[in-house]
Novice: 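Take a look at this one; I'll ask things after.
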There are 2 protein chains.
Amino acid sequence: MLYTIGDVSEKTGLPAPTLRYYDKEGLLPFVNRGNGGIRKFQDTDLEWLRLIECLKASGLQIKDIKRYIDLFIQGDTTIQERRKMFYDQKECVEEDIKALQNTLDMLTYKCWFYDMALELGSVEAVKNLPDSEIPEKIRKLKAKINRMHVSSCQKKSIVKAG
Amino acid sequence: MLYTIGDVSEKTGLPAPTLRYYDKEGLLPFVNRGNGGIRKFQDTDLEWLRLIECLKASGLQIKDIKRYIDLFIQGDTTIQERRKMFYDQKECVEEDIKALQNTLDMLTYKCWFYDMALELGSVEAVKNLPDSEIPEKIRKLKAKINRMHVSSCQKKSIVKAG
DNA sequence: GTTTCCCTTAAAGTTAACTTTAAATTTTAA
DNA sequence: TTAAAATTTAAAGTTAACTTTAAGGGAAAC
């Protein structure tokens, strides 16, 4: 099964110029061309795109993903380096998830806060609520948030891959 | 307790020029100035910075955060809009966490794959492994990944906040 | 056949969030 | 009192990842 760039764009949701940009940056070295120089994508190319999007989501930059593809092309001598790349990225993503969970705690607290503000008619009224009126769950959240530092909601993703 | 911009930079890890940039963009309207025009941060300003970093981590842009601060300054008439903002962002972050968990599944699989490749000496050997040699956990992961679309590891964070 | 898509490239433009620079002023330490 | 360190501003520069534009070529619908 062969696909044009338009087919792939529709299948993946990535704009065709983005796919051409990825190709230009060396992220799609396996995509063949037809007579008139027209790209013919295969199912394996769609799998590559899925991996590329995953690596991007994990915080890797285009040039780092190209680095991985270059290593792949070099073959089995680069297994160690590729392995390290995935372990490093896994660690980054685990930290990102933790950071996002802190962010989610803050947002959950704020959602409760503004639910109450809407109910009581003012922000001040919520601030003046006695502790006994605040659900246990929210009190714990508030305490956790107060222990947080600025850096606990920041991402660590950017790492020199290699 | 009052802090200079240098103190705050050290406390938060944010470079002083970044703090000035936030101020210029209207994110720090509560920071007072001394005689010579020098910023005097208070503990409440540090709390604002913590909220700002959380909102940034949730995917909000600077201008959206400014919008929130403007709404805050306007007072209780904007409670509904602020509430909606937090609910929208909460939803975004929940989706981001799900996407990152898909990314993590892919990376976990790849880590196993390259552990095996290192052990067996080649990528091909891992591809040729009979199903019976693949741990149940990894087989499930592989099946899950095969069901994934490109979009399942993409972030949804960017939303017109309002 | 021709018109209309869809494809191609190269190159310029966009955007957000800083970051750097330069020049001036203020504060702090000796 | 003076020198060093930190602060101020405005403005220009940077970076990544696209996105848009322009100019052209080949295949399918009518």
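Here is how names work: the chains are called A, B, and so on, in the same order as the sequence lines, proteins then strands, and each is numbered from 1.
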Novice: Under the side-chain hydrogen bond (donor to acceptor under 3.5 Å, both in side chains) test, which residues partner B:K144, sequence neighbours left out?
Specialist: B:D105

Novice: Just to be sure I understand the rule, does B:R20 reach a base, reach only the sugar-phosphate, or reach nothing, if contact means heavy atoms closer than 4.0 Å?
Specialist: base

Novice: Listed by chain and number, what are the side chain to side chain contact (heavy atoms under 4.5 Å, CB included) partners of A:A99, not counting sequence neighbours?
Specialist: none

Novice: Excluding sequence neighbours, so at least two apart, what forms salt bridge (charged side-chain N to carboxylate O under 4.0 Å, His left out) with A:R20?
Specialist: none

Novice: Do side-chain atoms of A:S9 reach the backbone of A:I5 as a donor and acceptor pair under 3.5 angstrom?
Specialist: no

Novice: Whole-Å distance between D:dT8 P and B:R33 CZ?
Specialist: 6 Å

Novice: What pairs with A:E119 under side chain to side chain contact (heavy atoms under 4.5 Å, CB included), at least two apart in sequence or on another chain?
Specialist: A:M116

Novice: A:N102: which residues meet the side-chain hydrogen bond (donor to acceptor under 3.5 Å, both in side chains) condition with it, sequence neighbours left out?
Specialist: none

Novice: Report the residues that fulfil salt bridge (charged side-chain N to carboxylate O under 4.0 Å, His left out) with A:D7, sequence neighbours left out, ordered by chain and then residue number.
Specialist: none

Novice: Starting from C1' on C:dT20, measure out to NZ on B:K24 and report it in whole angstrom.
Specialist: 13 Å

Novice: Could you pull out all residues at least two apart from A:N35 that satisfy side chain to side chain contact (heavy atoms under 4.5 Å, CB included)?
Specialist: none

Novice: If I take atom CG in residue A:L19 and atom C1' in nucleotide C:dT8, what distance separates them, rounded to the nearest angstrom?
Specialist: 14 Å

Novice: Under the side chain to side chain contact (heavy atoms under 4.5 Å, CB included) test, which residues partner A:Q42, sequence neighbours left out?
Specialist: A:L2, A:N32, A:T44, A:D45

Novice: Please write out each protein N/O paired with an N/O of nucleotides 13-18 of chain D under 3.5 Å, distance rounded to 0.1 Å.
Specialist:
| from | atom 1 | to | atom 2 | distance (Å) |
| --- | --- | --- | --- | --- |
| D:dA16 | OP1 | A:K63 | NZ | 3.2 |
| D:dA17 | OP1 | A:I62 | N | 3.3 |
| D:dA17 | OP2 | A:I62 | N | 3.4 |
| D:dC18 | OP2 | A:Y22 | OH | 3.1 |
| D:dC18 | OP2 | A:K56 | NZ | 3.3 |

Novice: Give the rounded distance in Å between these two atoms: CZ of B:F41 and P of D:dT7.
Specialist: 10 Å

Novice: Considering the options B:Q80, B:R82, B:E81, which one meets the side-chain hydrogen bond (donor to acceptor under 3.5 Å, both in side chains) requirement together with A:Y114?
Specialist: B:R82

Novice: What nitrogen or oxygen pairs link the protein and nucleotides 25-30 of chain C at under 3.5 Å?
Specialist:
none

Novice: Please confirm whether the shortest side-chain N or O distance from A:R39 to OP1 or OP2 of C:dC7 is below 4.0 Å.
Specialist: no

Novice: Looking at DNA chain D, which of residues 3-17 of chain A put a heavy atom within less than 4.0 Å of it?
Specialist: A:P15, A:P17

Novice: Please identify each residue that fulfils side-chain hydrogen bond (donor to acceptor under 3.5 Å, both in side chains) with A:K142, with sequence neighbours left out.
Specialist: none

